[in-house]
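Okay, structure first, notes after.
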Amino acid sequence: MPIRKLSKEVAQGIAAGEVVERPSSAVKELIENSIDAGATQIEISIEAAGKRLIEVSDNGYGIPDVDIPFITSRYSTSKLIELKDLDRIKTLGFRGEAIASIAAVSRFELVTRAQEEDIGTRLIVEGGEVKDQVRIGAAAGTTVKVRDLFFNVPARLKFLKSDVTEKRRIAQLISRYAIAYPQIRFNLMQDGKSTIQTNGSGDFREAFLAVHGVDWARQMIWVDGAGASEIQVRGLISPPSLNRSNRREIVLFINGRWIQDASLAAAIMQAYHTLLMVGRYPIVYLLINIPQTELDVNVHPGKIEVRFTEPNLVFGVVQRVLRANLLGQAPSVEPHFSSTWSIGSEGLITSFDTQAWGGIESQRTQLPSEGNDVRAPDFTTGQIPLLRVVGQVGATYLVAEGPDGVYLIDQHAAHERILFEEMSHAQASGISEGQVLLTPETIEFKPDEVDLLSENLKILKMLGFDLEPFGGATFKVRAIPVIVQHLGAERALRAVIEDIEEDETPLANKHEERIIARVCKRAAIKAGQILSLTEQEKLVHDLERCEAPRTCPHGRPTMIHFPVALLERQFGRRN
Ligand code: ADP
Ligand code: MG
């Protein structure tokens, strides 16, 4: 095809896509505009996960009538005049493309009145084309309504994730800004229900509590590293005992801007080093203020990335402030057990490092390198021979003997595997029975958790959870799977939710498997738990009957095998 200039419409659509990827990115741009306009109150109303309606209403400065014609053309902004001003940017916006982009891909309506004017303006734009601009009476401030987002870009509509995912993104976005801007009153309505509400009191902790509830708020540690250097770090961080399976609650605001930065997140993880188990993440809400000149905010159209002039300086300060607060307040470490095995000069090195922080769940095992004789042989299937249990080591591993050598079995991983197969079979045959609770429990969840639960009621039922919505954000729980009885209804359900949350694109089948795996992980015998010989034998014999005894449901090995030949060679009985 010959080269042609793209039509204005197509070009607009492509450019819009960089800024407005999905409904939640439109919401982000709109609330940033409200914040820039000095609003003390922002109301957000969402319908159908933002596909039908996004409405953002604020009591900020408003837009003077004379400026209205500019706002639908790209690179029109009241916030930046010269390039050299970029490193003095105090506002969240500066690229002047959000409104133009959103209006290019939606049916857009804006009603605004500047504080100093008596009469307001209404502007209507459809797919980038101005349809109407009239002067009307209006309250001071600005209301933007975005209807039918992407109506003229069907390809983008198709790629949007499920409504539940998108609603959760929006809820997450608003929670974050509501916490970072406690002086602003936020109210988020999703499909007519108010899901997030803060009071605008200016108190960071109060805003955190309004969003995340008392349970978390009560445990969080306040950090304040002001005055330590030019870099200010303030916020709330969780003690090691309060942790999650994903890093989604590591939330960073730099100079008022929510950003995502992998190396800064790594610096935070470093501060928790040895305090958290592998695979667990803290809850961290940090407001970092650094001199504007140390920062480039103009890296990404969505403005979610920044570049630091001196990254190591920033990481260092963050790490030190967090670490000092954590060590100052952390509870004492429970019995610590660690040892290293080493066989042969370049042979196997397997180290286990087990720490008790609110219940040990897993341990790190460096697998023997390939070509090594000491094997956890083909980790997929393959039955294991009948084994004779010799005993338990370090309250974590079982030693067993088979016709072909010695087996070292990870008791937690092995039990996970056993439970996983039991539950999968029960579920496949439709006979998984829940343990009926003596008294049904009513449990309150957060709005996005409610959605996840409601969407997955069927799967949960199959696993033996019996629960039903009980008005508002509460569920009544009548039964839970037998194997998680000891956790209690609330912890068992929260464990499951965490896993669904992590799963962004559930494939029906795999999804169920993951949930089962998660439940089993919680239910399984832990490392550090002393077992009687009878219990050890039962565990090993149940494992022998598994279809895939050599790996846990997460794919890690349940056992390491030392073949007779290897032992003989290592002891110099054979060459
Ligand atoms: P930017 O925020 O990068 O300047 P936008 O496209 O988001 O670009 O907005 C364009 C301009 O419209 C802003 O510079 C601002 O002057 C005005 N504007 C947008 N939303 C609001 C609002 N809620 N209140 C006041 N002014 C607004
Ligand atoms: Mg903007």
Side-chain angles (χ1 to χ4, degrees), residues 12-13 15-21 23-45 54-83 85-106 108-117 119-125 128 130 133 138-146 149 173-174 177 181 184-188 255-259 292 296-306:
Q12 264 183 356
E18 293 170 19
V19 186
V20 197
E21 251 184 304
S24 53
S25 34
V27 177
K28 174 170 182 284
E29 294 296 336
L30 295 176
I31 62 169
E32 285 189 348
N33 281 345
S34 299
I35 294 172
D36 283 346
T40 56
Q41 196 171 330
I42 303 178
E43 307 236 351
I44 306 104
S45 184
I54 298 170
E55 177 174 344
V56 174
S57 184
D58 68 52
N59 62 350
Y61 306 141
I63 307 171
D65 187 61
V66 290
D67 287 348
I68 297 288
F70 294 105
I71 81 167
T72 53
S73 58
R74 283 168 69 80
Y75 314 121
S76 304
T77 176
S78 56
K79 302 171 192 173
L80 181 73
I81 296 162
E82 289 186 65
L83 208 50
D85 296 335
L86 249 183
D87 60 12
R88 267 182 279 147
I89 279 293
K90 288 255 161 54
T91 51
L92 298 172
F94 55 84
R95 298 172 59 106
E97 48 189 357
I99 295 285
S101 300
I102 295 169
V105 292
S106 69
F108 177 93
E109 179 185 325
L110 175 136
V111 175
T112 186
R113 172 161 75 82
Q115 299 282 359
E116 66 280 6
E117 291 183 14
I119 189 160
T121 308
R122 186 178 67 197
L123 173 75
I124 293 182
V125 186
V130 177
Q133 181 184 334
T142 305
T143 297
V144 172
K145 287 185 193 163
V146 179
L149 186 64
L173 177 89
I174 303 300
Y177 276 89
Y181 288 89
I184 299 177
R185 206 137 71 118
F186 280 88
N187 185 10
L188 169 67
N255 296 356
R257 189 184 298 283
W258 173 37
I259 61 115
Q292 215 47 254
D296 181 3
V297 292
N298 191 25
V299 180
H300 183 275
K303 298 164 291 175
I304 51 172
E305 284 169 34
V306 292

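Numbers here are sequence positions counted from 1. Order of appearance sets the numbers: ligands from 1, and atoms from 1 within every ligand.
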*For Y181, what residues pass the ring pair (Phe, Tyr, Trp, His ring centres under 6.0 Å) criterion, not counting sequence neighbours?*
none

*Given V146, I124, L149, the one that forms side chain to side chain contact (heavy atoms under 4.5 Å, CB included) with F108*: V146

*Would a 4.5 Å heavy-atom cut-off, applied to side chains only, mark V56 and I54 as touching?*
yes

*Decide if atom CZ of R257 counts as having more than 12 heavy atoms of other residues, nucleotides or ligands within a radius under 6.0 Å.*
yes

*asked:* Please tell me whether D67 and S78 have a donor and an acceptor in their side chains that are separated by less than 3.5 angstrom.
replied: no

*Would you check if the Mg ion (ligand 2) lies under 2.8 Å from any N, O or S atom of T91?*
no

Could you list each N/O atom of ligand 1 together with any protein N/O atom closer than 3.5 Å, one pair per line with the distance?
unit_1, atom_1, unit_2, atom_2, d
ligand 1, 2 (O), N33, OD1, 3.0
ligand 1, 2 (O), K79, NZ, 2.7
ligand 1, 3 (O), F94, N, 2.9
ligand 1, 3 (O), R95, N, 3.0
ligand 1, 3 (O), G96, N, 2.7
ligand 1, 4 (O), T77, OG1, 2.5
ligand 1, 6 (O), A98, N, 3.2
ligand 1, 6 (O), I99, N, 2.8
ligand 1, 7 (O), N33, OD1, 2.9
ligand 1, 7 (O), N33, ND2, 2.9
ligand 1, 8 (O), G96, N, 3.4
ligand 1, 14 (O), T77, OG1, 3.3
ligand 1, 14 (O), S78, N, 2.9
ligand 1, 14 (O), S78, OG, 3.1
ligand 1, 16 (O), S78, OG, 2.5
ligand 1, 20 (N), N33, ND2, 3.3
ligand 1, 23 (N), D58, OD2, 2.9
ligand 1, 24 (N), T142, OG1, 3.3

_Gap separating the CD atom of E43 from the CD1 atom of I31, nearest 0.5 angstrom_ = 13.0 Å

